[in-house]
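Right, one structure below, let's go through it.
Proteins come first, then strands; the chains are lettered A, B, ... in the order of their sequence lines, and each starts at number 1. Both backbone and side-chain heavy atoms feed into the values below; hydrogens, waters and symmetry mates do not.
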Amino acid sequence: MKNRIYCGSTDLSQKGQVVLLAGWVQRVRNLGGLVFFDLRDHTGLVQVTPDPYHEDHDHLYETAIHLHHEDVVEIHGLVRRRPQGGENPKMATGLLEVVATRIKVLSRATTPPFLPEEADSVQEELRLKYRVLHLRADRMQRNFRLRHRLSQTVRRYFDENGFIEVETPFLVKPTPEGARDFLVPSRLHLGRAYALPQSPQIYKQLLMVAGFDRYFQIVKCFRDEDLRADRQPEFTQIDVELSFTEEPEVQEIMEGLMARIFQDVKGQTVPVPFERIPYHDAMLQYGSDKPDLRIPLKIADLSGIFASSEFRVFSEALAGGGAIRALNLPGAGGYSRKQRDDLLEKAKSWGLGGLVFLQWLPAGITSTVAKFMTPEQMKAAAEIVKAQSGDLIAIGADRNIEKLAVGMGQLRLWIGRELNLIQKDEHRLCWVVDFPMFEWNAEMNRYQAAHHPFTSPVLADLEAYADQPGKIRARAYDLVLDGNEIAGGSIRIHDREVQKKIFQHLGFTPEEAQAKFGFLLEALELGAPPHGGIAFGLDRLAMILVGADSIRDVIAFPKTTAALSLMDGSPAPVADEQWGELGLKRLTS
RNA sequence: GGGGCUGUAGUUCAAUUAGGUUAGAACGCCGGCCUGUCACGUCGGAGGUUGCGGGUUCGAUCCCCGUCGGUCCCGCCA
């Protein structure tokens, strides 16, 4: 529509001018003989009223009073300053109004199940069914416009740094490792299937071998796993790979990207470089491999202080090879018995056996288990968790170190929320490095790649711990923003011999490896440059940047936690005929 | 696969310690009145298979079982 201006861009500088507007009717106020309505587009609202002196006023008035919520209209009118006393300071365009000389209804709306401006208080089920109405809401419009800016910033940044965007296939070879694949049965080759890619991992490595040197792609990925607030079966990655590189270069480029993103999208300056935290330190101090550094608390180890404790919970934890760890709750010294009991219940749900509390009251440090502790021990504990008068110290103990770490990590997050220790609009980034290469999978009775099987191990570790794979470190790194893993990457294996050893540790025979990943292995023998890269979860990043609680708020047409699309009804039943064409037969439902 | 929360008018919610007349309110919707409203006001009206199925009971929105949907978490997500 030529010469159309946006509702939110109307301005007193246009006073006296005739403008053309188009949008949705938000609200009609019919005073009888006088009628106002608010016209909305994605930029905002402006008040419109029919021109009382227009030759066709009666008709204009009739049209206006019969407008409904969400009707789509086109308005010709004169911008004018509102009469004295008629201004609305709550409205961005509240000083002016548009006196309509023409109101054209472009499309009538039936009564909507909910109004866009109220969508945030409506059940998710309805919002997903009538997604267009929710997306019309101001907050969602802003979310998607921010996401757009984010994508553009990413493209610009990588382009400026010599990266090129190359598309990789969506119909790929199914991979046995990792997440469950979405399968696409082949019609031309019955009994065979493509998979939708979990990520373009192998393909981007092939691009490195192909000499593309610096690659990136903003690309959909698919994983058939259960959903979460921050997980959808289809999601978008910013996928990046570089040749002739090592960790510091990859990390530096990504730090530059994050700084640019925060500058462009939020107008915030992010200090670089980011802290590098070894995996084991992260687990010890934060109880997580994705620490939220906005919470100014670290988990302290009290095993030394209570090494000779006669308190059974402590002595048994230590005797069993475990540990005693503690967190300070600033200002919570006055917690009532009930508050402490409630916290204890939560601790159990986090996998902790329990918690022991030390209360630092004005009179001194006390505890319900004080008889098992010396005053010196309590004082030392308080010191090591950096407690002061008025604080509460929560101590956990377990013979299982991992369980204890994770439980204390949950406690730390809870404290951060409960005691409001996180500043609004504060963001903290860090790298977590030195991940273990392998994780033991008890179910399958073998080691699994913690990152993926093409991640380079620390070569010295590979030699030194040939018989203790659990100790081998990976050259992998995760980028963590406010307690969310927003990117993960690694330096890859470019040497076929190293790759063979890794497959051995994973329990693959050479034949299996060849069958699964032969095309990559062969390419690696055709002259593979050292290379490495990273992949960002774009949706998750967008979610954090817009301050949303769910990834659904930055995905236009998301699925429910049952992986259904309530809007279009997918997945949908398929006729037997169509299954048959794929060589498939329906068994149930 | 497991656990928590949840489903009542178009929407958001209510419905009295173990259940009891005609399931209420606000917003929205329909109609009347109203010339400066902006959450317009005001008067009136319509609108309900209490998600669905079963059970207990003289009687179920309420209790029990099952089921479907939504949501959050654990497992899972190389």
Side-chain angles (χ1 to χ4, degrees), chain A residues 26-39 45-50 52 57 61 64-66 68-70 82-95 97 99 110-130 133 175-181 198-199 201-202 221-233 235 345-346 349-351 406 410 413 435 437-439 441-444 447-455 474 476 485 488 490 502 506 516-517 535 537 540 549-550 552 558-564 566:
Chain A
Q26 172 136 327
R27 211 167 209 107
V28 182
R29 292 178 292 279
N30 180 3
L31 277 65
L34 187 60
V35 59
F36 302 96
F37 62 92
D38 294 329
L39 187 69
L45 295 172
V46 67
Q47 173 167 285
V48 181
T49 191
H57 170 259
Y61 175 78
I65 64 171
H66 289 112
H68 299 83
H69 288 294
E70 303 306 313
R82 292 194 190 183
Q84 198 76 40
E87 303 88 352
N88 182 357
K90 285 185 280 184
M91 208 171 166
T93 59
L95 288 179
E97 63 190 353
V99 181
T110 54
T111 304
F114 56 86
L115 301 177
E117 65 267 30
E118 295 168 352
D120 278 346
S121 59
V122 170
Q123 304 174 38
E124 186 73 330
E125 192 175 347
L126 264 184
R127 296 196 300 207
L128 289 172
K129 184 167 179 194
Y130 301 99
L133 290 178
T175 50
E177 295 284 295
R180 192 176 295 112
D181 280 327
Q198 297 171 28
S199 80
Q201 180 59 39
I202 293 175
C221 301
F222 307 87
R223 294 180 189 174
D224 189 4
E225 296 291 350
D226 289 346
L227 291 86
R228 286 285 188 284
D230 63 352
R231 268 169 28 196
Q232 285 273 313
F235 60 100
E345 278 310 301
K346 290 209 170 63
S349 74
W350 300 325
V406 170
Q410 294 288 352
L413 293 176
F435 281 89
M437 181 77 196
F438 301 109
E439 280 166 359
N441 184 325
E443 224 169 273
M444 299 171 75
Y447 278 100
Q448 265 189 324
H451 191 58
H452 57 62
F454 319 113
T455 297
E485 182 199 326
S490 63
I502 296 303
L506 292 172
K516 288 170 179 173
F517 308 113
R540 226 175 259 182
D549 293 324
S550 168
R552 291 185 299 274
K559 307 280 189 286
T560 68
T561 50
L564 300 172
L566 298 181

Which pairs, protein N/O on one side and nucleotides 43-47 of chain B N/O on the other, fall under 3.5 Å?
none

Check: How far does CZ of A:F235 sit from OG of A:S199, to the nearest 0.5 angstrom?
Finding: 7.5 Å
Next item on the list: Remember a base hit wins even if backbone is also touched, and classify A:L566 as base, sugar-phosphate or nothing at under 4.0 Å, heavy atoms.
Entry: sugar-phosphate
Check: Expressed in angstrom and rounded to an integer, what is the separation of A:R552 atom CZ from B:rG70 atom C1'?
Finding: 9 Å
Checklist line | A:T561 vs B:rU71: side-chain N/O to OP1/OP2 distance below 4.0 Å | finding: yes
Next item on the list: Look at the side chain of A:Q232 and the backbone N and O of A:K559, then say whether any donor-acceptor pair between them is shorter than 3.5 Å.
Entry: yes
Checklist line | Between B:rC40 (P) and A:L45 (CG): distance, integer Å | finding: 11 Å
Check: Considering only the C1' atoms, how many Å lie between B:rG53 and B:rG69, rounded to the nearest integer?
Finding: 15 Å
Checklist line | Base-pairing mate for B:rC63 - Watson-Crick or G-U, with both contacts under 3.5 Å | finding: B:rG55
Check: What integer distance in Å separates A:E118:CD from B:rU11:C1'?
Finding: 8 Å
Note to self: Contact between A:V28 and A:H68 at the side-chain level, heavy atoms closer than 4.5 Å - yes or no?
What the structure shows: no
Check: How many Å lie between CG on A:D230 and P on B:rC72, as a whole number?
Finding: 9 Å
Item checked: Distance, rounded to the nearest Å, where A:D549 contributes CG and B:rC73 contributes P -> 10 Å
Next item on the list: Could you give the distance separating B:rU17 and B:rG10 at their P atoms, to the nearest angstrom?
Entry: 27 Å
Next item on the list: Give the nucleotide from the list B:rG70, B:rU12, B:rC72 with an atom nearest to the side chain of A:A229.
Entry: B:rC72
Next item on the list: Could you tell me which nucleotide pairs with B:rA26 by Watson-Crick or G-U wobble geometry, both distances under 3.5 Å, or answer none if nothing does?
Entry: B:rU11
Checklist line | Results of ring pair (Phe, Tyr, Trp, His ring centres under 6.0 Å) for A:F517 - residues two or more places apart only | finding: A:F454, A:F503
Notebook entry, point to check: Contact class for A:R127 vs. all strands (heavy atom < 4.0 Å): base, sugar-phosphate, or nothing?
Noted result: nothing
Margin query: What's A:P113 touching, base or sugar-phosphate or nothing? Going by heavy atoms closer than 4.0 Å.
Written below: sugar-phosphate
Check: Can you give one letter per nucleotide of nucleotides 29-38 of chain B, going 5' to 3': B for a protein heavy atom under 4.0 Å from the base, S for sugar-phosphate only, - for none?
Finding: SS---BSBBB
Notebook entry, point to check: Whom does B:rC5 pair with, Watson-Crick or G-U wobble, provided both distances fall under 3.5 Å?
Noted result: B:rG70
Next item on the list: Answer yes or no: does a side-chain N or O of A:Q123 lie under 4.0 Å from OP1 or OP2 of B:rU6?
Entry: no
Notebook entry, point to check: Which nucleotide, in any strand shown, forms a Watson-Crick or G-U wobble pair with B:rA46, with both distances under 3.5 Å?
Noted result: none
Notebook entry, point to check: Side-chain contact, heavy-atom cut-off 4.5 Å: A:D181 with A:D224?
Noted result: no
Next item on the list: Could you say whether A:L115 or A:Q201 is positioned toward the 5' end of RNA chain B, judged by the nucleotide with the nearest heavy atom to each?
Entry: A:L115
Next item on the list: May I ask you to say what A:S199 touches in the nucleic acid, namely base, sugar-phosphate or nothing, with a heavy-atom cut-off under 4.0 Å?
Entry: base
Margin query: Could you tell me how far B:rA18 sits from B:rU22 if I compare only their P atoms? Round to whole Å.
Written below: 24 Å
Next item on the list: Using the C1' atom on both, measure B:rC13 against B:rU61 and round to a whole Å.
Entry: 14 Å
Notebook entry, point to check: Rounded to the nearest Å, what distance is computed from the NZ atom of residue A:K129 to the P atom of nucleotide B:rG10?
Noted result: 12 Å
Next item on the list: Pick the C1' atom in B:rA9 and in B:rG48, then give their distance to the nearest Å.
Entry: 5 Å
Notebook entry, point to check: In whole angstroms, how far is the P atom of B:rC40 from the CZ atom of A:F37?
Noted result: 14 Å
Checklist line | C1' spacing across the pair B:rG20 / B:rC34, given as an integer number of angstrom | finding: 46 Å
Note to self: Distance check, C1' atoms only: B:rC27 and B:rG66, in whole angstrom units.
What the structure shows: 36 Å
Notebook entry, point to check: Distance between the C1' atoms of B:rU50 and B:rA14, in whole angstroms?
Noted result: 13 Å
Margin query: So, OP1 or OP2 of B:rC74: does either fall under 4.0 Å of a side-chain N or O from A:R228?
Written below: yes
Note to self: Distance check needed: B:rC5 P versus A:K346 NZ, whole Å only.
What the structure shows: 14 Å
Check: Of A:L227 and A:L126, whose nearest nucleotide on RNA chain B comes first from the 5' end?
Finding: A:L126
Item checked: A:K129 NZ: over 12 foreign heavy atoms closer than 6.0 Å -> no
Check: Do A:Q198 and A:R180 meet the criterion of a side-chain donor-acceptor pair at a distance under 3.5 Å?
Finding: no
